[in-house]
Protein chains: 2
Amino acid sequence: MGGRNFSKKRQLILDTIKETDSHPSARWVYEKLKADFPDLSLGTVYRNIALFKEEGLVISVTNIDGEERIDGNTHEHAHFVCKECGCVYDIFSSNDDNAAQCPLAGFETDRTVLTYYGRCSDCINRE
Amino acid sequence: MGGRNFSKKRQLILDTIKETDSHPSARWVYEKLKADFPDLSLGTVYRNIALFKEEGLVISVTNIDGEERIDGNTHEHAHFVCKECGCVYDIFSSNDDNAAQCPLAGFETDRTVLTYYGRCSDCINRE
DNA sequence: CCTAAAACAGTAATCATTACTAATTTATTT
DNA sequence: AAATAAATTAGTAATGATTACTGTTTTAGG
């Protein structure tokens, strides 16, 4: 678990998540890998994503149409979610590192999530 | 629809959401009203919440344990979500009104969501 | 190679949410 | 107010994401 020796499937799932910037759902990861590894199980993808979240290897970004979307880039950064096409964009800023803490006294902030919702330029230009 | 004459049930549901600061789930609203209105249907709560969201009377705040949590206060403000007890706290700030727009060129920002995740003071003190 | 623990495939179960339909409520017209 | 049409609802069934379960396979160590 805690070590660096992941099983073959577990490593494949993590690599797939780390290599894309599509902020995928569990099903997306499953279908991408299914092509090359037909005996992969959807439950395995879910189970491993849950595990990665616990270990901080992956974060939950948003929920689009009932599906949780995750990000393998755990460096603190903002996101833009397009309400029209459902795409999720990364927004990196020079002060991502010193993300604001919650101003409520006596509260302990683990993670600060900044998300913009709206229409992306592609959808605006397509109209 | 667009007018001010809501059906009895619809108005009840909206009032319940507006009157609480618990950032309720659909089921919470349903169970709260069910006590006094035993013939209320859960589907009606869901349908009306969807409608309120479309009309901008209510916003979606976060998703906790698979349940969407909403807020009847549509004034822009931040939230703190306690990972331990699942409570959602409002965080009002002097510059809520001029919430940042997404810095990506050509993108249209409808809503900026700032959420802190961590442990609330109650949970910290309880340990 | 042997053995025990961990991980997996495949399927069934769970649970939030949505869809559907017949009945009820609300609005409109007389 | 009665008659009619439109909107809303209750109750239930369907959907779809996620989780749980069980028997099998993979992995790690000796």
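Naming: A, B, ... by sequence-line order, numbering from 1 per chain.
- Salt bridge status for B:Lys53 with B:Glu68: present, with a side-chain N to carboxylate O gap under 4.0 Å.
- OP1 or OP2 of D:dA7 has not a single side-chain nitrogen or oxygen of B:Arg10 nearer than 4.0 Å.
- At the phosphate of C:dC8, OP1 or OP2 sits under 4.0 Å from a side-chain N or O atom of A:Asn48.
- In this structure, the CD atom of B:Glu68 is 16 Å from the P atom of D:dA17, given to the nearest Å.
- Rounded to an integer number of Å, the gap from B:Asp65 CG to C:dT17 P is 12 Å.
- Separating the CZ atom of A:Arg27 from the C1' atom of D:dG16 is a distance of 8 Å, rounded to the nearest angstrom.
- Using a 4.0 Å cut-off, some side-chain N or O of B:Thr44 falls inside it from OP1 or OP2 of D:dA10.
- By the criterion of side-chain heavy atoms lying less than 4.5 angstrom apart, applied directly or through intervening Ile, Leu, Val, Met, Phe, Trp or Tyr residues, B:Val58 is grouped together with B:Leu42 in one hydrophobic cluster.
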- Query: Could you run down nucleotides 18-30 of chain C 5' to 3' and tag each one B, S or - for protein heavy-atom contact under 4.0 Å?
  - Reply: B-------SS---
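- Just one of B:Val81, B:Ile91, B:Thr115 meets the side-chain contact (heavy atoms from CB on, under 4.5 Å) condition when paired with A:Cys102; it is B:Ile91.
- As a whole-Å value, the separation of A:Leu12 CG from D:dT26 P is 14 Å.
- A:Leu33 pairs by the side-chain contact (heavy atoms from CB on, under 4.5 Å) definition with A:Leu12, A:Ile13, A:Thr16, A:Val29, A:Phe37, A:Leu40, not counting sequence neighbours.
- Positionally, the nearest nucleotide of DNA chain C for A:Lys34 lies more toward the 5' end than for the other of A:Lys34 and B:Ser25.
- A donor-acceptor contact shorter than 3.5 Å links the side chain of B:Lys18 to the backbone of B:Leu57.
- To the nearest angstrom, P of C:dT17 lies 15 Å from CD of A:Glu67.
- Rounded to whole angstrom, the span from the CD1 atom of B:Ile64 across to the C1' atom of C:dA16 amounts to 15 Å.
- Spacing between atom OH of A:Tyr30 and atom P of D:dT18 amounts to 14 Å, rounded to whole angstrom units.
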- Evaluate the side chain to side chain contact (heavy atoms under 4.5 Å, CB included) criterion for residues B:Thr109 and A:Phe80: first the C-alpha distance (whole Å), next the side-chain angles of each, then the deciding distance (0.1 Å), finally the verdict. CA-CA 8 Å; B:Thr109 305; A:Phe80 182 93; 4.1 Å; yes
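- Atoms CZ (B:Arg69) and P (C:dA16) sit 12 Å apart, rounded to a whole Å.
- Residues A:Ala100 and B:Tyr116 approach most closely at O-CE2, 3.3 Å, considering heavy atoms.
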- Item | Dot-bracket encoding per residue of DNA chain D, Watson-Crick/G-U cut-off under 3.5 Å, | denoting interstrand | ||||||||||||||||||||||||||||||
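- Remark: aromatic rings of B:Tyr89 and A:Phe107 are close, center separation under 6.0 Å.
- Relative orientation of the A:His77 and A:His23 rings is tilted, given thresholds of 30° and 60° on the angle between their planes.
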